[in-house]
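Beneath this line is the structure, given in structure tokens, with notes to follow.
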Amino acid sequence: MARPNEEVEALLREYADLIAITGGDAFKQRAYERAARAIGGHPEDISRLEPADLREIPGVGKSIADKVDEYLHTGHVSVIDERRATIPPGVRELMSIPTLGPKKAMSLYEDRGIASVDDLVAAIRRDELQGLKGFGPKTQENILHGVELARQAGGRILLDAASSLAEEAVGELAGAEGCERVAFAGSLRRMKETIGDIDILAAATDPDPVMDAFTALPLVAEVVMHGSKKTTVRTTAGFQLDLRVLPPDSWGAGLQYFTGSQAHNIRTREIALRKGLKLSEYGLFDAKTGKKRAARTEEDVYHRLGLPWIPPTLREDRGEVAAAQRDELPGLVTLEDIRGDLHTHTDLTDGLASLAQMVETAAARGYSYYAVTDHAPELRMQQMTEEKMLAQREEVRTLDGKHRKLRLLHGTELNIDPDGNVDWPGEFLAGFDLCVASIHSHFGLDRAAQTRRLIRACENPHVNVIGHPTTRKIGSRAGIDADLDEVFAACARTGTALEVNGHPNRLDLRDEHILLARRHGVKFAIDSDAHTTGELGHIRYGVGTAQRGWLTADEVINTWPLGRLRRFFRAPGRPGR
DNA sequence: GCCGTTTTCGGCCCGACTGTTTTCAGTCG
């Protein structure tokens, strides 16, 4: 579904880069970058929008809407093709090397004919950059180092890995001399699905001991940049951490600034400007007198801008600032709202912990209900049988009541076959408290077939939740191609919940799909899909993703009391249990 | 190229660090 949006985003980004490389208007370049981001993050499939609707997307005006329309109809944009023809594609590739931007890339091409990363490495090795302005020995060394690092991959990491790195660093820095406060900010605080680098913010009057503690962290392999306000290090795995140290009375403004996103910050700074104020990481100041108006807490900064505090997971410039101005921010679902987990596994199938161990951990998490949903027989390697399932149900009923506040639900995770059928006949399915149904095979069916398949699963009266609906795996498998609008409409019509799977390599549905689905009035289940006791904690990434999709607790069925949840599972059109 | 509670023209976020062109441009976030 997101394909056309992603294609257009990439195209507009390329055009923005080409404008920068060829020395075009910097504001025009930024306008294209902004429109690219907005289209990439737009919840609706843009190929279905009329040009007039395209212009409703922030940052998209007549000129860009026309280009997008041209692309959607012809597969090309003539002015972009023309601009492309003037610059070899490898020149843009040069900009992927850290410290090389458009100016230096163009200078390499114009003065030395360098048009690829390989050309550049060869030129440096042959010492052919002599006399080229801006390319002294240190710069050349940095370029070679940057190319080497890029070739070793590194790249973005998943939320759980980023969280543990950040928590380790924050824990260590908290003990540094003079460190009054320390926290992570950036995309990790916004719970973005992958993290490119970790931003840590500390408050101290004297920054030096904190900086020194940072560069001395055991995880540090290399100090990239070391100043008195900002330091950057790289881990042995090639991952980057930034530390900013600010005066303690700038804490709130710093946290606001370094949490981003960049697009959100631009929005808030524009509001500041209109109010005759200037916003930086040091505080909110009167533009004329320079007098400080707010800085101590994030709440102070937002309030002084005339806004309520905006949760970090919303700060993506997807309309949250306008919603805040109208005082219409959603009351987001929180981890504390979650009363139970509806998708988990045990060692009866591919989990690693016993039912008793999983239940014990669920009870310790304070849940009021907990569903075990082991795999059904069509996932052949799990060798599931009716007998095994019924034996597990006995065990569940026995364990139920061992924990005073925790009710146990016996469920299963069914497999949706290519035709949309699931394991087991209806009479057997009727014995479960709930059924999650998921796609585990035939990922390559065409769009029509996948759409039909998912809708049929929704229409099965025994199916309560569609598990990891797109089946994507971050960084390794694209989601299936289906008409998600049709699928979401079917979920709403049949009272089937969509899962927000919290496993860090799934996060499925993802934020943008959640935004789209909730327009249809769908309900959601935030699940861990845990296969170990520790993975029950993954539900927090599901909550983060749900927040990024603007979900309120009422839209999430596993925030409801058990009675309401059971009524939802038996809603009209569904068989009695 | 976009946009509007100062504006349909004239703005467009702001600061840190590095390397090098010894006073600042380029890059980054």
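All heavy atoms count here, side chains included; hydrogens, waters and symmetry mates do not. Below, chains carry the letters A, B, ... as their sequence lines are ordered, and counting in each starts from 1.
Among residues two or more places apart in sequence or in another chain, the side chain to side chain contact (heavy atoms under 4.5 Å, CB included) test is passed with A:Glu177 by A:Pro209. For A:Phe524, the ring-ring contact (aromatic ring centres under 6.0 Å, His included) criterion is met by no residue, not counting sequence neighbours. Under the rule for a side chain to side chain contact (heavy atoms under 4.5 Å, CB included), the partners of A:Arg181 that lie at least two apart in sequence or sit in another chain are A:Ala203, A:Trp251. Remark: A:Asp317 pairs with A:Arg34, A:Ala263, A:Arg267, A:Glu320 by the side chain to side chain contact (heavy atoms under 4.5 Å, CB included) rule, at least two apart or across chains. Legend: residues meeting ring-ring contact (aromatic ring centres under 6.0 Å, His included) with A:His503, ordered by chain and number and at least two apart, are A:His538. Partners of A:Tyr32 under the ring-ring contact (aromatic ring centres under 6.0 Å, His included) rule, at least two apart in sequence or in another chain, are A:Tyr15. Every residue meeting the side chain to side chain contact (heavy atoms under 4.5 Å, CB included) condition with A:Asn142, not counting sequence neighbours, appears here in chain and number order: A:Lys138.
The minimum heavy-atom distance linking A:Val500 with A:Ala546 is given by the pair CG1-N, 4.3 Å.
Using N1 to N3 plus N6-O4 or O6-N4 for Watson-Crick, or N1-O2 and O6-N3 for G-U wobble, each under 3.5 Å, B:dT8 pairs with nothing.
Of the residues in residues 68-79 of chain A, not one comes within less than 4.0 Å of DNA chain B through any heavy atom. Of the residues in residues 295-328 of chain A, not one places a heavy atom less than 4.0 Å from an atom of DNA chain B.
In this structure, A:Ile64 places its CD1 atom 12 Å from C1' of B:dC3, rounding to the nearest Å.
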Extract all donor-acceptor atom pairs below 3.5 Å that involve side chains of residues 95-115 of chain A and protein atoms in other chains or at least two apart in sequence.
from     : atom 1 : to       : atom 2 : distance (Å)
A:Ser96  : OG     : A:Glu93  : O      : 2.6
A:Arg112 : NE     : A:Glu128 : O      : 2.8
A:Arg112 : NH2    : A:Gln130 : O      : 2.5

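Using a 4.0 Å heavy-atom criterion, one finds that A:Lys67 contacts the sugar-phosphate atoms exclusively.
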- Task: Take nucleotides 14-24 of chain B nucleotide by nucleotide from the 5' end and write B, S or -, depending on whether a protein heavy atom sits under 4.0 Å from the base, only from the sugar-phosphate, or from neither.
- Result: BSSSSSSB---
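Counting only distance, with no hydrogens or angles, the side chain of A:Gln29 and the backbone of A:Gly24 share no donor-acceptor pair below 3.5 Å.
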Polar atoms only, N or O, under 3.5 Å: list the protein pairs with nucleotides 7-10 of chain B and their distances.
none

